[in-house]
Amino acid sequence: ISEDRGEMADTIADTRRLFSKPQNLNDAYGPPSNFLEIDVSNPDTIGVGRTRYTTYEVRLKTNLPIFKLKESSVRRRYSDFEWLRAELERESKVVVPPLPGKALFRQLPFRGDDGIFDDSFIEERRQSLEQFLNKVAGHPLAQNERCLHMFLQDESLDKNYTPSKIRQA
Amino acid sequence: MSFFGFGQSADIDVVLNDAETRKKAEHKSEDGRKDKYFLFYDGETVSGKVNVTLKYPGKRLEHNGVKIEFIGQIELYYDRGNHHEFVSLVKDLARPGELTQSQTFDFEFTHVEKPYESYTGQNVKLRYFLRATVSRRLNDISKELDIVVHTLSSYPELNSSIKMEVGIEDCLHIEFEYNKSKYHLKDVIVGKIYFLLVRIKIKHMEIDIIKRETTGTGPNVYHENDTIAKYEIMDGAPVRGESIPIRLFLAGYEMTPTMRDINKKFSVRYYLNLVLIDEEERRYFKQQEITLWRKGDIVRKSMSHQAIIASQRFEGSSNPEKTPTQSNEEDDNCSCK
């Protein structure tokens with residue numbers, strides 16, 4: 001009977017794995033629970049003359065329970081993104097990533113190109129806006145904010161809304 | 001007469017009696033260089049000789065006494081002037097007088113208490129040294145010999161595993177487990193991470209070992225964190241029900257034992273930081289303290305017991321007939337049924 005078995009057991013380190021429950025086949029091969037895809041696409045310039053502006057389609061597909069709709073599609077313009085960013089900065093503790101620039105210089109007269117309605121500029125902006133939304137919508141803290149859900153899934157933005165946190169039952 | 005360089009001077013050096021047989025240990029100095037020093041343990045006797053060698057033979061050396069000290073002290077870098085001595089022993093080797101020729105003095109500090117381990121850190125240093133001094137009116141001649149002390153611990157009686165469920169509500173739930181809470185410096189951290197809920201897009205997961213050196217007290221406490229190791233344990237996105245194993249060999253890293261409130265001056269603590277990183281580079285982490293201790297070298301007593309563990313690992317099962325000393329819990333854990 002060896003009382004010092006603790007010491008002896010240590011001369012070769014015991015590196016055996018700890019016990020793990022075998023994974024359930026449905027969990028292993030089923031759809032992952034983290035599916036969230038956001039696209040910003042189909043830019044469309046509407047209006048005439050000085051009141052023209054561009055909107056983008058914001059499409060969302062997800063299986064995260066925190067989103068009320070598993071699929072949604074809304075149209076948003078650049079100033080809506082600015083609104084979202086300001087709301088998130090104020091209401092949440094998230095470090096909100098920057099938006100692509102406002103490009104005020106493109107709104108000055110006497111430009112050789114189409115200014116803010118220039119195709120390549122719109123495409124650049126579209127890509128940046130898409131990156132911005134993907135970064136933000138995947139953030140667990142941002143997902144708790146009412147403004148994010150309103151931006152992504154409500155038909156139109158109610159800028160007079162009462163900021164609040166989403167609570168799940 | 002001595003300030004014009006005409007006076008007698010001497011070289012002094014300290015030699016240990018067991019210099020041939022005593023082991024040396026590597027210790028990093030403040031500037032990062034690694035040097036070897038004689039290794040001592042608590043309670044060991046420190047004995048040797050002090051050699052005073054006159055520079056100009058024939059001339060006499062007047063002095064106010066020859067002594068040797070054994071000192072253990074803590075030095076805070078932001079307060080260099082104040083050395084906090086926690087061990088201070090002195091032996092007078094010669095009374096004030098004069099030396100007419102080079103001389104050797106024997107000394108012995110019997111069963112010296114060395115309560116703390118030698119430590120050189122970012123903001124504090126704890127060292128032990130012998131200092132031989134020939135006192136003189138205007139300037140002393142002295143020599144220091146640094147030694148290194150290691151503190152050994154015995155196998156902890158209670159060494160519970162660390163097991164916890166953590167997460168962010170409705171986003172990420174994991175259960176992590178480390179097989180022990182106290183690890184020796186050449187130990188292996190064996191553990192696992194079990195995913196209960198994954199609603200974020202994870203890119204990879206790593207374990208970091210963080211050393212935290214704390215100096216100062218009260219409102220002047222200062223923590224210095226240093227990431228000693230980053231060890232990736234998973235690459236890719238896990239799903240619910242998946243278990244990721246951890247096997248982290250500590251011998252590869254330069255670490256010291258955990259030091260708690262040493263002489264009320266400083267602490268050195270170690271933490272395991274489990275970090276998950278998602279596709280947007282967001283980091284989710286959980287820090288857990290572990291206790292590190294230093295094990296003395298063990299004489300191998302039985303080859304058969306080691307062979308048993310090795311074969312169990314290979315076969316992936318435990319063998320109840322051969323291992324009456326293994327606990328039953330381990331038998332169940334390794335079952336491959």
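Heavy-atom basis, side chains included; hydrogens, waters and symmetry copies ignored. In what follows, chains are A, B, ... by sequence order, proteins preceding strands, each numbered from 1.
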Practice prompt. Using a cut-off of 6.0 Å, state whether more than 12 heavy atoms not belonging to A/Tyr53 lie near its atom OH.
Written response: no

Worksheet item: Less than 4.5 Å apart, any side-chain heavy atom of B/Lys201 and any of A/Pro32?
Response: no

Worksheet item: For B/Phe285, does the CZ atom sit with more than 12 other heavy atoms under 6.0 Å from it, leaving out its own atoms?
Response: no

Worksheet item: Counting only heavy atoms not in A/Glu89, do more than 12 fall under 6.0 Å of its CD?
Response: yes

Fill in: Options B/Cys171, B/Ala237, B/Ser161, B/Pro238, ranked by heavy-atom pairs under 4.5 Å with chain A, top entry
B/Cys171

Worksheet entry | Flag side-chain contact, heavy atom, 4.5 Å: A/Pro140 against B/Ile168 | yes

Discussion item. Other residues, nucleotides and ligands only: do more than 12 of their heavy atoms fall within 6.0 Å of NZ on B/Lys28?
Written reply: no

Fill in: Contact origin within A/Leu36 toward chain B - heavy atom pairs under 4.5 Å
both

Practice prompt. State whether the side chain of A/Asn34 and the backbone N or O of B/Ile200 hold a donor-acceptor pair below 3.5 Å, judged by distance alone.
Written response: yes

Discussion item. Rounded at 0.5 Å granularity, tell me how far CD in A/Gln143 sits from CG in B/Asp170.
Written reply: 10.0 Å

Discussion item. With rounding to the nearest 0.5 angstrom, report the CZ to CG distance, B/Arg240 to A/Asn26.
Written reply: 7.0 Å

Item to complete: May I ask you to check whether over 12 heavy atoms, not counting those of A/Lys70, lie within 6.0 Å of atom NZ?
Response: yes

Worksheet entry | Pairwise side-chain contact, A/Val136 with B/Glu280, heavy-atom cut-off 4.5 Å (strictly under) | no

Discussion item. Is it the case that atom OH in A/Tyr29 sees more than 12 heavy atoms from other parts of the structure closer than 6.0 Å?
Written reply: no

Worksheet entry | Short side-chain to backbone donor-acceptor contact, B/Glu242 and A/Ala28, under 3.5 Å | no

Discussion item. Please check this pair: side chain of A/Lys21 against backbone of B/Ser243, looking for a donor-acceptor N/O pair closer than 3.5 Å.
Written reply: no

Practice prompt. Starting at CD of A/Gln23, measure out to OH of B/Tyr194 and round the result to the nearest 0.5 Å.
Written response: 7.5 Å

Response to the item:
Taken to the nearest 0.5 Å, the spacing of A/Ser33 OG from B/Leu172 CG works out to 11.0 Å

Worksheet item: Hey, are the side chains of A/Leu18 and B/Asn179 touching, using non-hydrogen atoms and a 4.5 Å cut-off?
Response: yes

Worksheet entry | B/Arg247 (side chain) donor-acceptor with A/Thr15 (main chain) under 3.5 angstrom | yes

Worksheet item: Can you tell me if CG on A/Asp119 sees more than 12 non-hydrogen neighbours from other groups inside 6.0 Å?
Response: no

Worksheet item: Which pair of heavy atoms, one from B/Val239 and one from A/Asp27, lies closest together, and at what distance?
Response: CG2-O, 3.5 Å

Item to complete: Mark yes when over 12 heavy atoms from residues, nucleotides or ligands other than A/Lys93 sit less than 6.0 Å from its NZ; otherwise mark no.
Response: no

Worksheet item: B/Arg282 versus chain A, heavy atoms under 4.5 Å apart: side chain, backbone, both or neither?
Response: side chain

